[in-house]
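Order of the sequence lines sets the chain letters (A, B, ...), proteins ahead of strands, with each chain counted from 1. All figures in this text were calculated on a predicted structure; none of them were measured in a lab. Excluded from the calculations below are hydrogen atoms, water molecules and symmetry mates; all remaining heavy atoms, backbone and side chain alike, are included.
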Amino acid sequence: MLKPEEMTRVVVVGSIESLDATIECLYELGVLHLIDFTEQDEEFRIGQPLPTASDTSQKLLKLRSIIRSLEIEDHKPARAMHVHDIRSRMDQALVTLDLNTSSKADSRQKIQALVREKEGEIRALEPIVPFAIPVELFDGYDNLSSFVGICKTDPSAALTSKVAECEVFADARKSDVVVVAFVKSEGRTEASKILAEHGFQEIKLPKVKGDPDEIVVQLRKQIKELEADLARIEADLDAIRKQFADFIISSDEHLSIEILKAETPLRIATSANSFIIDGWAPSHRVDEIRTALDTMCCGLAFIETVSPEKSEETPVKLKNPKPVKPFEFFINLVSTPKYEEIDPTLVLFITFPLFFGFMIGDLGFGLSLVVLGAMIRWKFKSSPDLLKLGAIILAGGFMASVFGLFVFAEAFGVPFHPPVENPDEHSWEVIANIPIHPLLDKMRDSMEMIAISLVAGWIHLTVGFTFGFVNHYPHSKKHAVGKIAWLLVLFGLFAEMMVIAGDATQTSHFMNSTVLSPIPDVSADMIGIKVSMPALGLIVAGVLGIVVFEGAMALTEVVGVFTNLVSYARLAAMAIGKGAVAVAFNFMLFPMIFESGNIVVAILGVLALFVSQAFFVFFIGALSSGIQAIRLNYVEFFLKFFEGGGTEFSPLSYERKYSVITK
Amino acid sequence: MWFAGNRGNYAYACTRVKAKKRFLLSRDVYSRLLVMDVYEVGRFLGETQYREEMAKYASVYSGANLVEVAVTRNLANTYSDILGFTTGHLREMVGNYLKRWDIYNVKTLLRGKMTNVRAEEIVDTLVPAGAYTEAYLKSLIQSSSVSEIMDALVADAALAITPELVREVVDAGRLAPLEDHLDQRMYYDLLKVVKGTVSADKLLRDFVREEIDVTNLKVLLKLKAARIPEDKIVKYLIPGGMDYSIEKLRALAQAEGMPPIIEELEKSSMYADIREPLERFKTDRKLSGITIALDKALIRKSEKFAHFYPLSVLPIVNYMIRKKVEVDNIRIIARGKASALSTTVIEDLLVV
Amino acid sequence: MPVREIQPTRSELLEVKKKIKLTQNGHKILKLKRDGLILEFFKILDQAKDLRVEIARRYKEASEKIAIASAVDGVIAVRSASYALTGHPEIQLRSRNLMGVVVPDIKSSKIVAPLTERGYGIIGTSPRIDEATEAYENLVETVVKAAELETTMKKLIEEIERTKRRVNALEYKILPELEEIERFIAFRLEEMERDNIFRLKRIKDKAEARAEAKAEI
Amino acid sequence: MALDPTAVGLALVGAGIAIGAAGIGTGIAQAQIGAAAVGATAEDPKMFGKGLTLMVLPETIVIFGFVVAFLIYGLV
């Protein structure tokens, strides 16, 4: 938590004969993050690929082209194939497949192109069918220029009046006009100008002879025949697919793994007699590598730990407890943190559901989201990203339910009890009397909502600046102290805003009793605004600190802190906005359901309610609240401390799903 | 932007191109490719941006041919992709810049046709990214004779092919005059279409003029090194360069031998980029080092331009150049490997 | 000339002697020529060896350059550039005399075409195609030079071979034959001399005997 | 206290204007940022978080409007 897994810089050295075995061993373990060797010199050069690489590459190229021809990229074999079988069948199968598929795929492609071509011709011919003139008569005259095309508006009148000796045929269709115009060559430019004004688009007629009507019919027939051919080829391909798909996918996986290993030397420094593998490994697994190398490489390769040089990029493997882990998704979406940086996943784990829950703040929607999240996790077990997303939605939905139940006391935009000010409003009292009363009313306690948002923002930003302090402390004490100056500004601004807000909402018990009590009431009126002296003092001290530690240029960003704080008002804005829309819908639909007395209307009303609710839950609610909740983290929070750009820990490893190897 | 006429989707296109740029192969990758054999190179590329084309052509070609065809097609696809996602005036500019591939295609087509290359093979080495569609080029290739192709090309006023050139090609079988005519014509047209009056156009125009400079310098170096007299050199020069006017180039052509050009280059804005090969030229008299350095200098310039004007056509042009260079590099590696050239020789040919 | 057919006359002997002298002279000269040619050959051989290495190097360079060019400018562009080059290298063939051997003297022209006439666009291509073209042009030039040298070498070898054969023929066949003829003629002449003397003696003896008999009678 | 009904009416209109104008301002700002954020997310889904953060930034303006409106509402 907060810190990634501890890494140790290691070097594996060995004699060149043991390179194969070492690579095999490292892939088997899957814990060494290789650093690519790039600086070649006289002594050490990048290694040669293992001898199998060329042959394997050739096969893979063929195989992948076959996969493409057969369109089986997404095929998933039912069971894994044994590597022995793959090896023994490979050559034979490749020959057969190569012969069968490529020619079939080729002719399929050709027929498809032909069909497209013919369809294009039909498209070109169809507009001129009504004229019933043989196609060859449309152009090819010595002294006549012909225009065939589609205009937005009818140009006949303009043409006949302005161009001498022209013949225009027009066929008006739904939204445009098909125009055929014959003009003496002299009037060509004038005519094309007029046509352009009418939005003329030329139709390129195919070089055919005869009645367009008949030709179209013929073309249709030809297309039918071609499609029949296509179906036959498709059937043939299907047979091949049935027989070989499993084998092909398994082989592709196996060969890809082979090539991965065979080309690893390209990332390694080798000399005539030895090799050096540079890398990182999780500290607690170094010994594991040592033992494995000893047993698998017969003492020809060794691992040494070295103390890293300063500038080196340590790969980052985030380390978080299982419930927090899904929120790493959000981190990876932006950038991997640097090794020395604080990993903010834990904060996301806390704040995201809170923000999200506050914005949705509805038991009904919340529970729907819980169900949605659970369903995603259940349906998409194989996709790690979707699994994480499911967990995030689940957590958000849970917090939304909590807020909905205990704070806002409402479900599906309908309160448990009608508000005191408006006893006639629809509520769940119609169905059941839930013994929970709202602490806050979205619509009526808007100032409190904003204040709570700002408090959340204040806490969130404080954590952000603190992280910034911790991140900077090891390499720049000055910058670290600068963060404290920023904190002072933040505290001052926050206190001042609270004072103003408290002033504006004097009636609010929440504001006065909870938020304002810690701030000493020493204030003065300035230009009509109540300014708290302690707050002012904090801001001044902070600004001075910023000038000293970060330079005068940083002053421009003081406004930024203010913006950041206000930005949290979006929490309230989303909650209020969403609440208002839900109320509006319910206001329109409820009378239909309860008061119409007509069962059909009632059912329609319920349906409309469901549709609108679904819309709000999944689009406005989940999507935009999610975006807002994550934005507050990305923009307001991360920018205070997060640099990112770290290297993700990606050890030498592979995954066998469709092929098995037994020793 | 929607409120300022149809200027084009700069934000979208430039960021998209910038994202594309991150997928260009890095120097480290080249050094690894140099160690691989041609099949491994093919397979490796099949796992990068060239995946689609590699898989598509692996059934027809193999070895260096496969790599060459696949990367060339990928280049064509990338270009039409870029042209496809730009809009408005931006699209026009990109389209104009891409017209050079029309020239390339016409040249390749005629060359292939005259040397009896298989039709499919010609088609696969084309880069249909300009105004000529692939279908049109295919129909040209299917024309039975060179003279028929020339007839079709003469009809295109943009190419401005004179009857004299047709005679050279059809009767004498000499392509050279036509090739040079087309290359000059391309720049001539480009400068005509991309006027300096619109500010967006001006950026592109300036860059094209820099490009003309580099092209002219290369031609001048080549011809001077071959001791061609001034009156013959002049007809190969392209007017409109940025730093080197025709007059200036003519003076250089007139001057005795190579030293004046070398001196001129030492004063040029690209000197920092070409210093080393220039020094080397003084001892080994090999031009190719300088020309590669000039190409690199132009790329660097376009990089700089793209950086100065991040929301203009220049980042897109920059990417298109970089992509072409990458494709050239890959082809050089594959072909070089196939003809068993040594790694150091291949390395020297790369523009990295 | 078969020995039997030879007229063993004094004049013939003189003739043969003259011939031997001449042949010996020729043999000496031919031997000198042979050695000279061999020396020349080795000189050219060294050059040719260097050129061979040069061709191999240039070829490697050219293929690398063209690989680079197709990597940078694309295969089609390079191919088109290569097709577009319609001008063929022109070669002027002349000959030159090297120690009595006629060897080719190849002057290649316009292999290195100026940049503006190479058949591909100047503006749109990278210098890599130029470099490749240049490398190939250099290669062709070297090949032409190599052709000249290698033909010269071939001709030289032929000439050396021929001269060697001639020297050998003179040394091992013609000279010994002539000497044998000389010996034969000299022998025959000697023999004929002796024959004559003997006959004269006999005649003298006979005449003396007849005179004695006449006297006795 | 008993206020002149016209004054109350005017005050309420003022409250309405406060929240309405703030809303319009926020809308204009968010239109641009939103377009940019969507652009970035279209290429790289990982940008979603950053885009969202930036996009909701101007919302504080409307909260100001809300707070002002309620202060006015509280006065009457």
Item to complete: State, to 0.1 Å, how close A:Tyr654 and A:Lys261 come at their nearest heavy-atom pair, and which atoms those are.
Response: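 Here A:Tyr654 and A:Lys261 meet closest at CE2-CE, 3.5 Å.
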Worksheet item: What residue in A:Arg64, A:Arg267, A:Gln109, A:Gln48 has the most heavy-atom pairs under 4.5 Å with chain B?
Response: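 Looking at each option in turn, the highest pair count goes to A:Arg64.
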Worksheet entry | Which of B:Ser62, B:Ala135, B:Ala55 touches chain A most, by non-hydrogen pairs under 4.5 Å |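 It is B:Ala55.
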Practice prompt. Among B:Met54, B:Arg51, B:Glu52, single out the residue with the greatest number of heavy-atom pairs under 4.5 Å to chain A.
Written response: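 Looking at each of B:Met54, B:Arg51, B:Glu52 in turn, B:Glu52 comes out on top.
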Worksheet entry | chain B contact via A:Ile259 - side chain, backbone, both or neither, heavy atoms under 4.5 Å |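 Just the side chain, heavy atoms under 4.5 Å.
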Item to complete: Indicate whether any N or O donor in one side chain lies under 3.5 Å from an N or O acceptor in the other, for B:Arg43 and B:Tyr39.
Response: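 Checked: B:Arg43/B:Tyr39 side chains show no N/O donor-acceptor pair below 3.5 Å.
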Worksheet entry | Side chains of B:Pro277 and B:Ile292 in contact at under 4.5 Å (non-hydrogen atoms) |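 In short, these two side chains do not touch, never coming nearer than 4.5 Å.
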Worksheet item: Should B:Val67 and B:Arg331 count as side-chain neighbours, where that means a heavy-atom distance under 4.5 Å?
Response: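 Side-chain contact under 4.5 Å: no.
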